[in-house]
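As structure tokens, the structure follows; a few thoughts come after it.
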Amino acid sequence: MLLVTVGLTLAACGSSDEPILIGLAGPFSQQRAQSMQLAAQLAVSEINQQGGVRGRPLQLVVHDDSGMADIAVRVARTLHADPDVVAVVGHMNSGATLAAARVYNSGDNPLVEISPSASSPDLSDAGPYTFRVCPSDSIHGIQLAEWARDQLGANRVAILYENDAYGRGLRTTFKNSFTERGGQIVSDDPFSNILPSFEPYLTRIRSRGGADVVLFAGARDGAEEMLRTLNMIRYQPTVLGGDGAAGIETADIDTEGVYVSLAYLHDQPGARNEAFTSAYRRIYGGQLPDHRGAGAYDAVYLLARAIESVGVNRARVRDYLAGVGDETEPYDGVTGSIAFAANGDVVDRDVVIAIVRNKRLESVAR
Amino acid sequence: MNPWAALNTLRTRIVLGEAALVVGLVVVAVIGIGALRTVRNTVARELASLTAVSAANSRLVTTLFEQVRAAEQYLTDGSVEARNAFRSGGEAAHTYQRRLQALSELSESDRLVVTQVGVLQAEAEVLYSFAHAQQDLGRRGDAQSGARLARERATEMLRLVDLLSLSQSVGAEATATSLEQAATDREMLVWTVLVASVLIAVAIGVATLQSVERPLTRLAAAARRFGDGDLRPVALGKMPSELAELGEALDRLGGTLRTLVTEVVEESERIASAAEDLSAISEQLAATSGDVSTAMEELSSGAQRQVAGLDESCAAAQTLHETTEDAGHVSSRVAELGADIHQLAETYGSDIDAAGNTLVELGNLVQRTARQVEELDELSEPIYEFIDLIKQISSQTNLLALNAAIEAARAGERGVGFSVVAEEVRQLADTSAQAAERVSGTITTIRDHVSAMTETMATGRAQARGVGAVSQGAAEALRQIVTSVREVETESRRVAGQAAQNLTAVDNITRALKSASQAAQSHASSSEEVAAAAQEQGASTEEMAAQAAVLNRAAEHLRSLVKAFRA
């Protein structure tokens with residue numbers, strides 16, 4: 001009897017029952033990060049139901065960074081300092097991800113971060129421990145500019161950009177690509193949640209001859225506010241948004257016909273994606289995952305695969321990820337095939353251009 | 001071989017002491033150089049980091065001011081230049097913020113301030129853009145209220161930038177303080193090692209000097225005592241192996257001298273007593289010879305008187321008869337004494353021969369001792385070499401200390417303390433040289449004693465040779481005595497025989513007076529012959545007495561010579 005007890009205790013003392021910790025950082029108090037958290041939790045519970053990683057369960061350590069650079073730095077320090085945390089899925093937006101990247105890449109024992117949705121071009125050079133499973137804003141900016149110029153035939157574009165790393169990055173790549181293609185930028189105005197109103201910007205655009213397309217480079221809340229203002233002043237240009245604006249389709253206003261570029265859309269073809277979306281819909285009461293959720297889901301599975309192969313050593317996990325698509329096969333994720341370039345960016349990934357129809361996003365055939 | 005035995009030599013001790021000092025100085029030098037290098041590298045690194053951060057910071061500050069200035073200008077004149085300057089200033093400020101953020105040298109608190117500055121700048125930018133849009137739309141009032149909000153952000157932003165500059169100067173100060181602390185720590189370490197090595201070197205030096213000086217003092221005292229004639233064994237105690245060898249040699253010398261002196265004293269006593277005996281017998285002999293001579297002279301005059309008074313009575317003849325009988329007795333007595341002397345002389349002859357042999361042996365012993373003393377003298381040579389070594393090392397240390405003092409002087413204020421230590425080291429070297437000089441003096445004293453002893457030995461050898469010659473002379477004298485005694489014996493027998501014949505003749509005179517005159521004549525001449533022989537005997541006896549006196553004097557001299565020694 002005693003022997004049995006001792007044996008059980010020894011087994012419990014071994015690492016088999018202790019969970020493997022993975023950080024999850026994003027502005028989870030905000031609506032836009034809901035899908036990221038839900039999808040990450042879905043991935044973890046799926047993996048644990050299949051026996052975990054190396055016989056140990058995965059466990060998420062969730063931190064809310066409010067989408068702010070300074071809070072993200074604090075969160076990153078906490079995760080970085082915890083030796084049991086093997087890697088981080090996050091952060092969600094570019095500003096937070098960039099600020100946190102400096103913490104994750106520092107010290108004797110750097111920590112891997114895989115952002116599901118941070119698309120700032122600056123992130124490409126953020127450090128060897130920073131990865132992302134989504135295309136960068138330069139891809140979004142270039143492909144949005146192509147879409148506006150080639151598909152929509154726009155000549156004059158007004159840009160409203162959120163005055164953060166994301167907004168400035170998307171605005172710069174769009175601007176460069178669009179002017180290269182012979183288009184004209186008629187205005188280029190910054191905003192943030194401190195902006196009293198979009199009205200002066202939009203009125204000035206209209207008063208100076210109008211724009212064929214308004215490019216909105218910012219987050220969903222700002223996009224909703226801007227669309228509300230457009231309705232108010234009864235000005236109806238074509239609105240094009242970056243992936244930051246995703247989720248706008250569910251807003252309590254008329255968003256019909258708004259274009260959004262996305263790293264991922266739930267209606268993407270592929271068996272992996274179908275299984276993911278159906279599981280997500282079933283568990284979360286019919287909701288659909290957004291690109292952040294899909295990215296987080298892929299990031300969790302990638303980390304699980306890495307830990308299964310090389311264990312919980314942070315540096316080894318990083319080396320494994322850097323070799324995905326090169327030393328090991330590309331990962332067939334729900335967002336598509338994932339292979340990492342040397343700078344931690346995902347390679348050869350087109351963005352999805354979607355249009356809001358009946359409060360739903362639909363992929364637009366190109 | 002016990003490995004610790006090597007520690008007990010002067011060479012090892014001196015080498016160890018100097019090695020400790022040299023190793024200490026080398027360690028001090030290495031730490032000093034390392035400290036200087038570390039401080040230099042740290043200063044270079046910190047300066048580079050400060051330069052990088054402050055350069056990026058000052059550019060950021062400039063562009064932020066430029067952007068705010070352009071924003072305000074646009075509100076006043078609405079010019080395209082101001083608008084473009086506002087735009088480009090903003091972009092430049094964002095770029096410099098990113099660069100500043102990318103600097104690993106930036107402290108975490110400064111990084112947070114830079115992030116905060118970025119947030120405020122973005123807000124100010126948005127609010128100024130908003131105000132500009134209102135201005136463009138001709139809404140001056142809205143533009144002004146928007147600008148007020150923008151200015152709040154801009155003011156706060158510029159305050160934070162000031163704070164950043166301040167924090168950098170504080171950081172520079174902290175860096176300077178930590179550098180100073182590091183330098184002070186290194187300095188303390190250098191001092192500690194320096195003092196420790198000097199203390200170790202001093203301790204080893206003092207121990208070595210004591211281990212040389214104390215045994216040398218004991219050896220000198222022992223040598224001085226031997227020189228003064230006190231040959232009793234001395235306890236020298238523990239000492240380094242080189243000096244222990246010297247001590248053993250001194251001890252052996254003492255033992256040999258003791259044996260020798262004891263023998264000489266015994267022999268001289270025996271010689272003296274023999275000479276005394278001889279002298280007494282000679283005196284007795286001389287006295288007896290005088291008696292014989294007197295008797296013979298009486299006899300002779302008696303005979304002459306007999307010749308002259310031949311006519312005298314029978315009573316005279318009777319007297320003659322009695323006198324002749326007396327002469328016969330005396331002669332017999334002389335013969336007996338001669339035999340005694342003969343026997344005595346032979347006995348002492350062999351004694352004196354033995355004494356002579358002993359003296360020859362003694363001479364050899366003195367010679368051997370003299371050789372040992374010379375060896376002792378030679379043994380002090382290596383000690384001179386050690387002293388030279390000590391002097392050499394002292395002068396080199398002195399030179400080193402001088403160099404150190406020069407280097408310290410060159411090092412300026414930082415070297416002041418070091419120059420004090422260099423002076424201490426130099427004084428230590430001087431002290432070593434002085435101690436070596438003292439040791440050298442002690443050794444010279446020992447050598448003087450040794451050479452004094454060598455001289456005493458030579459004198460002793462000469463005196464021993466003199467005693468040998470004296471004893472040979474004594475032997476010769478004894479031989480002559482024996483010869484003389486033999487002659488006395490022969491003459492005595494002849495006298496006795498003549499006396500017997502005379503007696504017969506006197507008897508015959510009594511019976512035949514006629515031929516008495518003739519007989520008396522012949523008798524008188526015989527008596528004269530006997531007297532001459534007796535006189536001759538007396539001379540031999542005197543000569544013998546003189547020789548005995550010589551022997552006695554030699555014995556006395558010998559006794560006074562050995563009296564100085566205490567075995």
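Note on naming: letters A, B, ... go to the chains in the order of the sequence lines (proteins, then strands), and numbering restarts at 1 for each one. Only a predicted model underlies this, so the values are computations on that prediction, with no experimental measurement involved.
- The choice from A/Leu195, A/Val73, A/Val103 that makes the most heavy-atom pairs within less than 4.5 Å of chain B is A/Leu195.
- Counting heavy atoms from C-beta on, the side chains of B/Val119 and B/Met157 never come closer than 4.5 Å.
- Side-chain contact check for A/Ile114 versus A/Val88: every heavy-atom pair is 4.5 Å or farther apart.
- In this structure, A/Phe198 has its ring center no closer than 6.0 Å to that of B/Phe130.
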Between chain A and chain B, which donor-acceptor pairs sit under 3.5 Å apart?
from	atom 1	to	atom 2	distance (Å)
B/Arg87	NH1	A/Asp188	O	2.4
B/Arg87	NH1	A/Asp188	OD2	3.2
B/Arg87	NH2	A/Asp188	O	2.3
B/Arg87	NH2	A/Asp189	OD1	3.4
B/Glu91	OE2	A/Arg171	NH2	3.0
B/His94	ND1	A/Arg168	NH1	3.3
B/His94	ND1	A/Arg168	NH2	3.2
B/His94	NE2	A/Arg168	NH1	3.1
B/Arg98	NE	A/Asp122	OD2	3.4
B/Gln101	OE1	A/Arg102	NH2	3.3
B/Glu108	OE1	A/Arg77	NH2	2.6
B/Ala122	O	A/Asn163	ND2	2.9
B/Glu125	OE1	A/Asn163	ND2	2.6
B/Val126	O	A/Tyr201	OH	3.4
B/Phe130	N	A/Tyr201	OH	3.3
B/Asp136	OD2	A/Arg204	NH1	2.4
B/Asp136	OD2	A/Arg208	NH2	3.2
B/Arg139	NH1	A/Glu199	OE1	2.8
B/Arg139	NH2	A/Glu199	OE2	2.8

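- One finds the CG atom of B/Leu189 at 4.0 Å from the CD1 atom of B/Ile31 (value rounded to the nearest 0.5 Å).
- Rounding to the nearest 0.5 Å gives a distance of 6.5 Å between CG of B/Leu158 and CG of B/Leu64.
- With rounding to the nearest 0.5 Å, the separation of CD in B/Glu180 from CG in B/Asp185 is 11.0 Å.
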